[in-house]
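Residue numbers start from 1 in every chain, and the chains themselves are labelled A, B, ... in the order their sequence lines are given, proteins ahead of strands.
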Amino acid sequence: MIRISQVSKHFISRTGSHHALDSVSLDIADGQFVCLVGPSGCGKSTLLNLIAGLEMPDSGSVTVFDTPVTAPGPDRSVMFQDSALFPWLSVRKNVEFGLELANVPRSEWQGRVETFLKKVHLWRFRDAYVHELSGGMRQRVALARSLAPDPRVLLMDEPFASLDAQTRDVLHVELQEIWRATQKTVVFVTHNVREAVRLGDRVIMLATRPGRIKHDVKIDLARPRESEGDVAYYVGRIMKELKVEVDKVMREEMGDAWQPTPGDLPSGPTGGVGGGI
Amino acid sequence: MIRISQVSKHFISRTGSHHALDSVSLDIADGQFVCLVGPSGCGKSTLLNLIAGLEMPDSGSVTVFDTPVTAPGPDRSVMFQDSALFPWLSVRKNVEFGLELANVPRSEWQGRVETFLKKVHLWRFRDAYVHELSGGMRQRVALARSLAPDPRVLLMDEPFASLDAQTRDVLHVELQEIWRATQKTVVFVTHNVREAVRLGDRVIMLATRPGRIKHDVKIDLARPRESEGDVAYYVGRIMKELKVEVDKVMREEMGDAWQPTPGDLPSGPTGGVGGGI
Amino acid sequence: RRSTQSADTVRLGLFPNLTHAPALVALERGIFTQALGSVKLETKAFSAGPEAMEAIYAGALDACFIGPIPALNGYLRSDGRALKIVAGAASGGAALVVQADSPIVGAKDLAGKKLASPQLGNTQDLALRHYLERNGLKTKEQGGDVQIVPIANADTLQLMRAKQLDGAWVPEPWVTRLLHEAGGRILVDERDLWPDRKFPITVLVVSQKFLEAQPQLVEKLVRAHVENLTWMASHADEVRTLLPKALLKLGQKALPPEIIDEALKRIDFTSDPMPAALMQLASDARKLGYMPAAGKPEEALDLRFVKGSGTP
Amino acid sequence: MARSLWEGFSDGTILVGVGVSLRRLFIGYSISLIVGLPLGLGLARSKVLEDSLGTIVTGMQALPSICWLPIALIWFGLSETAILFVVVAGSLFSITIATTAGVRNVPPLLVRAARTMGARGPQLYFRVILPASLPGILSGMRLGWTFAWRSLMAGELLFVSGGLGQLLATGRELRDMSRVLAVMVTIVGLGLLTDVLVFDRLEQRVRERWGTDRA
Amino acid sequence: MARSLWEGFSDGTILVGVGVSLRRLFIGYSISLIVGLPLGLGLARSKVLEDSLGTIVTGMQALPSICWLPIALIWFGLSETAILFVVVAGSLFSITIATTAGVRNVPPLLVRAARTMGARGPQLYFRVILPASLPGILSGMRLGWTFAWRSLMAGELLFVSGGLGQLLATGRELRDMSRVLAVMVTIVGLGLLTDVLVFDRLEQRVRERWGTDRA
Ligand SMILES: Nc1ncnc2c1ncn2[C@@H]1O[C@H](COP(=O)(O)OP(=O)(O)OP(=O)(O)O)[C@@H](O)[C@H]1O
Ligand SMILES: Nc1ncnc2c1ncn2[C@@H]1O[C@H](COP(=O)(O)OP(=O)(O)OP(=O)(O)O)[C@@H](O)[C@H]1O
Ligand SMILES: [Mg+2]
Ligand SMILES: [Mg+2]
C-alpha cells in the first residue's frame with residue numbers, strides 16, 4: 001500500500017517559489033492501477049517523484065508498504081516519457097543492469113531477460129543498441145527493464161506520450177496484459193483522459209496552483225475496455241472538470257487574449273478536450 | 001498549385017538502400033488543406049521535404065505554382081514537430097528574422113509581428129526567450145513565424161505531435177481560424193487519423209515500403225467539425241485501411257511474435273487505432 | 001622587415017651575461033651609437049643561443065656577440081654563407097666546479113661521477129667532454145661511467161646545492177655563484193688548460209650580407225669595440241658600476257656586487273679572437289660530432305678590422 | 001614565501017610585464033579568433049575543406065611552440081609580429097578544432113528550419129550556424145585562451161622584450177625564486193580573473209539565453 | 001629540403017627519440033587520465049569540491065610548462081619522474097576541466113533513471129555517469145593528449161635524456177636544421193597518427209554506439 005499523507009512541496013527557483021503540491025493525501029491499495037491526470041504543471045510528476053523517492057516532501061509523509069520513502073529503490077520502478085535507456089548498453093545489457101542494481105542473483109538473469117524481452121516482443125532485438133530502435137520499441141525495452149527486477153510498484157510518467165497513436169494502442173494492450181499477469185501496483189501519469197479511463201481502476205484528477213486532488217473517480221468497467229459507451233461516460237465526466245482547470249492555465253498563459261467560448265474547445269463525450277487516445 | 005508527378009526517392013545509408021517513395025503523383029489545389037497520414041516510415045516527411053525543397057527527388061518532378069522546386073524558399077514555410085525556434089533570439093526577433101529572410105521591408109516588420117503574435121495570443125510574451133515558453137507556446141511562436149512572411153504554402157510535419165491533448169485542441173482551433181482567414185495551401189503530416197479528418201479537406205494515406213499513395217479521401221464536412229458522427233465515419237473508413245499497413249510494419253519489427261488479433265487492437269469508429277486526437 | 005637591411009640601422013644582438021660585458025659596457029657608454037654617427041643602432045637582447053643564430057640566418061640581425069661554438073657552427077652549417085667572426089670579446093670565465101667537501105682532487109677522481117654542463121654541444125659542454133677524454137675517462141654515451149647532464153645553469157645551482165651533482169662546468173657568473181651559494185670549489189679553471197691561459201668565450205660576429213653591403217659600418221663597429229675594450233682595461237671601477245646598470249635595463253635583477261667583482265676576475269676582455277684556440281675548439285667539436293666535418297672553420301674569421309685597429 | 005612574493009612584485013617590473021604580455025595576448029588571441037572561427041565553421045560545413053585542411057590543422061595542433069620560434073624568426077624577424085605569430089600559431093588550431101566540433105553539434109533541425117525560411121550562404125553561416133554553435137565555440141575560445149597564454153610564454157623567449165615570459169625565463173636563469181613565484185602567481189591570477197570575468201560570464205549568459213542551466 | 005629531412009631521419013637518433021618520448025608521453029598521459037577523470041567527475045558532482053578545488057584547477061591550467069620545470073627539479077631532481085611530472089602538470093588540469101564539462105552534459109534523466117533502479121555511490125558514478133559522459137570525456141582526452149605532447153617537449157628540455165624535445169633543442173643549438181625539421185615532421189606525423197588511429201576510432205565507436213552520427 002502506498003500512503004501519501006498531508007504532503008506539501010515547494011520549488012525554489014530564481015524566479016521565486018512555486019507551490020507545486022498543497023497537502024495532498026492519497027492511499028493506493030496493492031495491485032491497483034491508478035491514473036493521475038491534470039493540466040500541465042499541476043504537480044503530477046512531482047507526486048510520482050515523491051513516491052519514487054526522487055524528491056522529498058517539505059512536509060507530510062510518503063510510505064510504501066509501511067516503510068517511509070527516503071530514497072529511490074528497485075522496489076519502485078519508474079518509467080519516463082523518454083525511455084532513458086543507456087545508449088552504451090545493448091537491449092539485453094540494459095535489462096541486466098536493472099537486475100544487477102536490484103541485486104538479483106546472476107543465475108536468474110538469463111531467464112528473466114528472456115522472459116521479459118519476449119513479453120514485450122523484442123527478444124529478436126536483444127543485441128541491438130538503443131539508437132537502432134524506434135521510439136515504440138525503446139519504450140517497450142524500458143518497460144521490460146522496469147519489470148524484470150519484479151518491483152512491487154510500477155511508476156509511469158507519461159510513458160507513451162511521445163509515441164504515435166498506433167504504437168501507443170499496441171503498448172496499452174501489452175501493459176494491461178502484463179499488469180493482469182503480475183498484479184503490480186501501478187501509478188500512471190497522463191495528460192490523456194481517455195488513456196486514463198481505458199487503463200485505470202481509479203482516475204485521480206489534480207488541480208493546479210497549488211496542486212491538489214480535485215477528483216478521485218473509480219472506473220468500474222470490465223477489461224479489455226472497448227465498449228465506447230461506458231468509457232465515454234467516464235471520459236465525459238472527467239473532461240468537464242478538467243476543462244475548468246485547463247481554462248485556468250490558459251488564462252494565465254495568454255492573459256486577456258484568452259476567452260473560453262463553447263465553440264473553441266469542442267467538447268462532448270468522445271471528441272472533447274484530451275479525449276483522444 | 002502543387003504538382004508532384006512520378007516522384008521516386010531512395011535513401012542510401014550504411015545499412016543499404018531504402019526505397020522511401022515510389023513514383024508518387026499528387027496535385028494539391030491552391031487553398032486546399034491536405035493531410036498526409038500513414039504508418040511510421042512510410043515517407044510522409046520525405047514527401048513534405050520534397051515540396052519544401054529540402055530534399056530532391058531521384059526521378060519525377062515537383063512544381064509549386066508552376067515553378068520547379070530547386071531549393072527551400074520563404075514562399076513555402078515549414079513547421080516541424082519540434083518548434084525549431086532560435087534560442088538566442090527573443091520571440092519577437094524570431095518572427096522578425098523570418099521576415100528579414102523573406103526580404104519583407106523593414107517598415108512592415110513591426111506591424112506584422114504584432115498582427116501574428118496577437119493572432120497566436122502571445123503578444124504578451126514578445127520579449128521572452130524560447131526556453132521560457134511551454135511546448136504549446138513554442139509551437140504557437142513557430143506558427144506565427146511561419147505565417148508572418150505570408151507564404152503561399154504552409155507545410156507542417158506533425159506540428160502538434162509532442163503537445164498534450166488539451167493544448168493541441170486549442171491549436172487546432174487557432175490553425176483552422178488562421179487558415180480560414182488567409183486561405184493558404186496547407187500540407188499537414190500527422191500520425192493521427194482523427195486529427196487529419198478534423199482538419200483536412202483531403203486526407204491522403206500513404207502505404208509503406210515503398211511509400212506510395214494508397215487512398216485519397218475527400219472530407220466533405222462543414223467546419224468547425226464537431227459532430228461526432230460525421231467525423232467518426234471518415235475516421236473509421238481510413239482506420240481500417242491504416243490498420244493493414246500498421247500490421248505490416250509491426251510484423252517487420254516484431255517478427256513472428258506479432259499476431260494481430262481482433263482483440264488486441266481495439267477498433268471501432270471512435271476508439272480504434274490512431275483514432276484519438 | 002624581412003631580411004632587408006637598410007643602411008640606416010645596424011641591428012646588434014647580445015646576451016645579458018657577464019661574459020658579454022664588453023657589449024654591455026659599450027652600450028651603457030653609448031660607444032656604438034657614437035661610432036655609427038647618423039646610422040641608428042638597434043639592440044636586441046637574447047636569453048638563448050639558438051634564437052640569436054636563427055635571427056642572423058633570417059637576416060633579422062646584422063651583428064651579434066655570441067659564444068665561439070655557435071659562431072663556428074653557424075658558419076659551417078650555412079656552408080660559409082651566414083656570418084663571419086670579426087673580433088674577439090672575452091676570454092676565460094669558465095671552470096669546473098665540484099662539491100667543496102668531496103674527495104675529488106684530480107681528473108681521475110671524476111670516474112663514476114655526475115657532472116653538469118649548460119647545454120649539449122655548447123662551449124662548456126665541449127670543454128668538459130674534451131677534458132674527460134684527455135684524461136682517459138669515458139662518458140656514459142661512450143660506454144664509460146661519467147655522466148654528463150646538460151642542464152640550465154640555474155638548475156645546476158639548485159642541484160649542486162641539493163648535492164645531486166658532483167660537479168659542473170659552467171661560465172661566469174655561475175662559477176662564482178656555485179662557489180658562494182652551493183658550497184663549490186674550483187677543480188679546473190679552464191684558462192689553465194690553454195696556452196697563455198687564453199681562449200675565447202665571447203666573439204663578435206657579423207652577418208655576411210651586412211659585411212658585404214656595409215664594410216665601413218662593420219669597421220666602425222669593430223673600432224668602437226676595440227676602443228671600448230681599451231677603456232675598460234683602465235677603468236675597472238666604472239665597469240663595475242656600469243655593468244649592473246646595463247643588466248638591469250635588460251630585465252636582469254642585479255647580482256650582489258661581490259659576485260660581480262669576483263666573477264670579473266676570472267674573465268679577460270680582449271678583441272683578439274685567438275684563431276689558434278678557435279681552430280682547436282672546432283676540431284674538438286668535430287671529434288665529438290657537434291660540428292659538420294665539411295667546410296673550413298679557419299675561413300670563418302675575417303680579421304682585417306681588428307688588425308687595423310690596434311689590438312689591446 | 002609571502003615575503004619573496006612581495007619582493008617579486010615590489011619592483012614594478014611585474015606590473016610592466018603584465019601590461020606588455022596582456023597586450024600581446026589580446027592581439028594574438030583576437031587574430032586567432034578572427035581566423036579560427038570562420039575556418040572552423042568552414043571545416044565543419046565543407047567536406048572538401050575538411051579533407052584537405054582538416055588533417056593539416058589536426059597535425060599542426062600537436063606542434064609545441066618551440067617549433068614555431070625559428071619559423072617566426074625567419075618570417076618576421078626580431079619583431080613584435082614574430083611573438084604574435086607564435087601566439088597565433090599556438091592557439092589558432094585548437095580554436096579551429098573546437099569551433100568545428102561546436103558547429104557539428106548544432107541541431108540539424110535549426111539549420112533546416114532556417115533554410116526553409118530562405119537563409120542561404122553567409123546569412124545561413126553567420127546568422128544561424130554561428131550563433132547556434134555559440135556554446136561549443138565558447139568552450140573553444142576558453143581553450144584557445146589557455147593555449148594562447150602558454151604560447152605567449154614561449155614566444156616571449158624569442159628576445160628580451162619585457163613580457164612576463166621573459167621575466168619568468170630570466171628569473172629562472174638567475175635563480176630568483178621570488179620573481180619566478182611572483183610571475184606564476186600573476187599568471188594564475190590573471191587566468192582565474194579572465195575565467196571568472198570573461199568566460200564564466202559569457203557562458204552564464206549563453207546558458208541563460210539557451211535555457212540549458214535548467215536541466 | 002627532402003634531402004635534409006632524410007638526413008635527419010637516417011642516423012636513427014630520431015627513432016630512438018620517438019621511442020623514449022612516446023614512453024614518457026604514454027606514462028604521463030595515463031597518470032593524468034587516472035587522476036584527472038575521477039577528479040573531473042568529482043568536481044562536476046560535488047558543490048564542495050567544485051568551490052574549493054575547481055578554482056585552483058582552472059587557475060593552474062593557465063600555467064605554461066616552463067613554470068613547472070623548477071618545481072619538478074626541486075621535487076624530483078634529475079630523474080624521469082621530473083619529466084613525467086611536467087607532462088602530468090601540463091595535461092592533468094585540462095583533462096579534469098573537460099571531464100567536468102562532459103559530466104555536466106550528461107542528461108539528468110539517465111541519472112534519475114539509474115537512481116530509481118537502485119544505483120548509488122560508486123556504482124552510480126562508474127557504471128552510469130562515467131559511461132554516459134564518455135563523448136565529452138573523449139574530447140577531453142584528445143585535448144589532454146595535445147597538452148601532454150606540448151608539455152613533454154618542454155619537460156625534455158630539463159636535461160638530456162634522449163627524447164624528441166631534446167633532439168629539437170640540440171638541433172637548434174647546433175643549427176642542425178635537418179634534425180629540427182625531421183623532429184617537427186615526426187611530431188606532426190605522430191599527432192596525426194594518434195588522432196586517426198586512436199581518437200577518431202574511439203569517437204567513431206562512441207558515435208556509432210550512441211547513434212549520434214545519424215543526426
Ligand atoms: N526541479 C524543479 N525546480 C523548480 N520548479 C519545478 C521543478 N520541478 C517541477 N517544478 C514546478 O512545479 C510545478 C509542478 O511540476 P510537475 O512537473 O510536477 O508538473 P506536471 O503536472 O508533471 O506537468 P506536466 O504535465 O507538464 O509534466 C510546475 O510548475 C513546475 O514548473
Ligand atoms: N536522410 C535519410 N537517410 C536515410 N534514410 C532516410 C532519411 N530520411 C528518411 N529516411 C528513411 O526513409 C523512410 C521514410 O522516412 P520519412 O521520415 O519520410 O517517414 P515518415 O513517414 O515521416 O515517418 P515518421 O512517421 O516516423 O515520421 C524511412 O524508412 C526512413 O528511415
Ligand atoms: Mg510531468
Ligand atoms: Mg516524419
Subject >> Proximity of residues 114-124 of chain E to chain A, residues having a non-hydrogen atom under 4.5 angstrom >> reply: E:Ala114, E:Arg115, E:Thr116, E:Met117, E:Gly118, E:Ala119, E:Gln123
Original post:
Crowded around A:Arg3 CZ? As in, over 12 foreign heavy atoms under 6.0 Å?
Top reply: no
Original post:
Counting a contact as any heavy-atom pair under 4.5 Å apart, which residues of residues 43-68 of chain A contact chain E?
Top reply: A:Asn49, A:Gly53, A:Leu54
Subject >> Part of A:Val130 within contact of chain E (heavy atom distance under 4.5 Å) >> reply: neither
Original post:
Could you give the distance from CZ (E:Arg112) to CG (A:Asp82), rounded to the nearest 0.5 Å?
Top reply: 12.0 Å
Would you be so kind as to tabulate the donor-acceptor pairs closer than 3.5 Å made by side chains of residues 70-80 of chain E, with sequence neighbours excluded?
from: E:Ser79; atom 1: OG; to: E:Phe76; atom 2: O; distance (Å): 2.7
from: E:Ser79; atom 1: OG; to: E:Thr81; atom 2: N; distance (Å): 3.4
from: E:Ser79; atom 1: OG; to: E:Ala82; atom 2: N; distance (Å): 3.4
from: E:Glu80; atom 1: OE1; to: E:Arg24; atom 2: NE; distance (Å): 3.0
from: E:Glu80; atom 1: OE2; to: E:Arg24; atom 2: NE; distance (Å): 3.2
from: E:Glu80; atom 1: OE2; to: E:Arg24; atom 2: NH2; distance (Å): 2.8

Subject >> Max heavy-atom pair count under 4.5 Å with chain E, selected residue of A:Arg76, A:Met79, A:Glu100 >> reply: A:Glu100
Subject >> Segment of A:Leu85 engaging chain E (4.5 angstrom heavy-atom cut-off) >> reply: backbone
**OP:** Answer whether the closest heavy-atom distance between the side chains of E:Leu109 and A:Phe80 falls below 4.5 Å.
**Re:** yes
**OP:** Under the side-chain contact (heavy atoms from CB on, under 4.5 Å) rule, collect the residues that match up with A:Glu96, sequence neighbours excluded.
**Re:** A:Arg92, A:Lys93, A:Trp109, A:Val113
